[in-house]
Amino acid sequence: MDSLTLFCTGALLAGGLYWFVCILGPAEQKGKRAVDLSGGSISAEKVQDNYDKYWSFFRRPKEIETAEKVPDFVDTFYNLVTDIYEWGWGQSFHFSPSLPGKSHRDATRLHEEMAVDLIDVKPGDRILDVGCGVGGPMRAIAAHSRANVVGITINEYQVKRARLHNKKAGLDSLCEVVCGNFLEMPFPENSFDGAYSIEATCHAPKLEEVYAEIFRVLKPGSLYVSYEWVTTDKYKGDDAEHVEVIQGIERGDALPGLRSYVDIAETARKVGFEVVKERDLANPPAEPWWTRLKMGRIAYWRNHILVTLLAAIGVAPKGTVDVHEMLFKTADYLTRGGESGIFTPMHMILCRKPETAKSS
């Protein structure tokens, strides 16, 4: 083989590698790099053990139906997946309807801004982000509204990541992050001018408990909006395929059990809220929210090969490959849930705490 052929072959391989790693890279270019993947607060040598521990919850389902087990269950999950979410998805751990002519990032931002617009807050108001993750929505909402946003997450690693991102974005003066359980929030009664949760309260074993806590910390007259993960009116509990899809979503997303859409408003009223508005934001004319999952299949295989290689040489922790594979399987269940119409991650409910309300 002459030198020109070797040069061309090397250039082709280098170009292919660049295309494979950089062009077909993560859905979002900002966030984690593959070589920085970790197990969150879990030490590298214990990632595999904690992955096995996570799955053990599903062998003892009664244990994830009680409030005292939720912190350990959800915290373990987010230690395992936070870096992979950031690397492969971005800093906003949620879905949004696809918008013609808009990038996924813009569609995500507009979905977040709509939440704060619905609760009608003013610059300087103090609002609560219930289940803030690494703070993607918090930063978009703070920048859009100029409200002071306080986020709460059960996961200490996410707190560190959120604070880092807040500072880099120049929004740390508007964004505060607290580590805590949203079933027992460390805030006084009547202390927030508004609140929102974006695909977060699905982790609560009983929706009534987290709604009651949000009701307690809101000032009378304030609004709360939530985007909820629910089964729709198309879901049939006696359909084996429907059950398989929903259970697959639950296992792959640390959910004690998905709720029916009919339970949401009933629960809000039970704790004292007035229901102002309720609708599924995934319904037409909204474009399919699961499009991004389907479009990301090639990137997934690229990422999976890269994760496998990094784990093999000891850069990524042992167990990372299993976690990544779990998330891919879950993406398939989510896609099937969306395409069949039996599941939505954006059932929106807007509530008001009555002016005369007393926190319990």
Side-chain angles (χ1 to χ4, degrees), residues 23-31 81 84-118 129 131-141 143-144 196-202 225-235 242 245-246 248-249 252-253 255 258 261 264 277-304 327-350:
I23 305 302
L24 283 181
E28 306 287 349
Q29 296 302 316
K30 292 183 178 179
V81 305
I84 292 177
Y85 276 2
E86 272 201 67
W87 175 53
W89 190 261
Q91 296 171 20
S92 294
F93 298 174
H94 64 81
F95 297 104
S96 60
S98 298
L99 298 176
K102 298 289 186 182
S103 67
H104 292 307
R105 187 175 298 175
D106 285 342
T108 296
R109 175 181 53 79
L110 291 169
H111 195 54
E112 293 162 351
E113 290 176 356
M114 181 175 67
V116 74
D117 288 343
L118 283 167
D129 182 331
C132 66
V134 298
M138 171 191 297
R139 288 181 288 280
I141 283 170
H144 176 68
Y196 64 89
S197 54
I198 299 180
E199 303 182 25
T201 57
C202 50
V225 66
S226 184
Y227 299 165
E228 294 285 351
W229 282 33
V230 297
T231 56
T232 71
D233 58 351
K234 295 182 179 180
Y235 173 72
H242 287 193
V245 168
I246 297 305
I249 293 172
D253 284 295
L255 307 181
L258 272 169
Y261 75 102
I264 308 304
K277 188 184 297 185
E278 183 183 24
R279 70 186 179 94
D280 184 359
L281 300 178
N283 284 339
E287 296 291 325
W289 55 267
W290 59 90
T291 302
R292 186 177 174 191
L293 290 172
K294 297 184 74 172
M295 291 174 62
R297 288 179 183 272
I298 296 176
Y300 162 77
W301 285 111
R302 182 221 72 106
N303 289 353
H304 196 64
L327 294 179
F328 178 67
K329 291 178 179 177
T330 306
D332 183 61
Y333 284 121
L334 287 163
T335 301
R336 289 166 62 186
E339 288 180 330
S340 63
I342 65 172
F343 164 77
T344 176
M346 52 192 74
H347 183 90
M348 184 276 291
I349 185 166
L350 178 64

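Computed over heavy atoms, backbone and side chain alike; hydrogens, waters and symmetry mates excluded. The chain is numbered in sequence order, starting from 1. Owing to the predicted nature of the structure, the values given are computational and were not obtained by experimental measurement.
Of all non-hydrogen atoms in Ala115 and Tyr227, the two that sit nearest each other are N-OH, 3.3 Å. Minimum interatomic distance between Ala107 and Pro97 (heavy atoms only, all atoms of both residues): CB-O, 3.6 Å. Listed here is the closest heavy atom pair of Thr201 and Ser226: OG1-OG, 3.8 Å. Residues Trp229 and Cys202 share a closest heavy-atom pair of CB-CB, 3.9 Å. Considering all non-hydrogen atoms of both residues, Pro137 and Ile198 come closest at CB-CD1, 3.9 Å. In terms of heavy atoms, Gly338 sits closest to Trp289 at CA-CZ2, 3.6 Å.
Between Phe343 and Trp290, the gap from one ring centroid to the other reaches at least 6.0 Å.
Of the possible donor and acceptor atoms, one in the side chain of Thr232 sits under 3.5 Å from a partner among the backbone N and O of Gly341. In this structure, the side chain of Glu199 engages the main chain of Phe95 through a donor-acceptor pair within 3.5 Å. A donor-acceptor pair is defined here as one N or O able to donate and one able to accept, closer than 3.5 Å; such a pair exists between the side chain of Ser103 and the backbone of Asp106. Checking side-chain atoms of Arg292 against main-chain N and O of Trp89 turns up a donor-acceptor pair under 3.5 Å. Between the Ser98 side chain and the Pro288 main chain, a donor and an acceptor come within less than 3.5 Å of each other.
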Does Leu258 form a side chain to side chain contact (heavy atoms under 4.5 Å, CB included) with Val230? I'd like the steps, not just the answer.
CA-CA 6 Å; Leu258 272 169; Val230 297; 5.8 Å; no
Start with the C-alpha gap between Ile349 and Lys277, add the side-chain angles, then the distance that decides, and say whether side chain to side chain contact (heavy atoms under 4.5 Å, CB included) holds.
CA-CA 6 Å; Ile349 185 166; Lys277 188 184 297 185; over 6 Å; no
Where do Thr231 and Ile342 land on the side chain to side chain contact (heavy atoms under 4.5 Å, CB included) test, with the steps shown first?
CA-CA 6 Å; Thr231 56; Ile342 65 172; 6.0 Å; no
Walk me through it: do Glu86 and Val134 pass the test side chain to side chain contact (heavy atoms under 4.5 Å, CB included)?
CA-CA 9 Å; Glu86 272 201 67; Val134 298; 3.7 Å; yes
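Taking the side chain as every heavy atom from C-beta outward, Met114 and Met348 never approach each other to under 4.5 Å. Looking at His347 and Leu281, their side chains never come closer than 4.5 Å, going by heavy atoms from C-beta outward.
By the salt bridge (Lys or Arg N to Asp or Glu O under 4.0 Å) test, Asp233 pairs with no residue at all, sequence neighbours left out. Partners of Lys329 under the side-chain contact (heavy atoms from CB on, under 4.5 Å) rule, at least two apart in sequence or in another chain, are Glu325. Contacts of Glu339 classified as salt bridge (Lys or Arg N to Asp or Glu O under 4.0 Å), with partners at least two apart in sequence or in another chain: Lys294. Partners of Phe93 according to the ring pair (Phe, Tyr, Trp, His ring centres under 6.0 Å) rule, which considers only residues two or more places apart in sequence or in another chain, are Tyr85. Applying the ring pair (Phe, Tyr, Trp, His ring centres under 6.0 Å) test to His94 and every residue at least two apart in sequence or in another chain returns His111.
How far CD1 of Ile246 is from CD1 of Ile249: 4.5 Å, rounded to the nearest 0.5 Å. Rounded to the nearest 0.5 angstrom, Glu228 CD and Ser197 OG are separated by 5.5 Å. To the nearest 0.5 Å, atom CZ of residue Arg336 and atom CG of residue Leu293 are 13.5 Å apart.
A side chain to side chain donor-acceptor pair (under 3.5 Å) with Ser92 is found for exactly one of Glu112, Arg139, Arg105, namely Glu112.
Relative ring orientation between Tyr235 and His242 is described as parallel, the plane-to-plane angle staying below 30° on a 0-90° scale split at 30° and 60°.
Screening residues 279-288 for side chain to side chain donor-acceptor pair (under 3.5 Å), with sequence neighbours left out, gives Asp280-Thr344.
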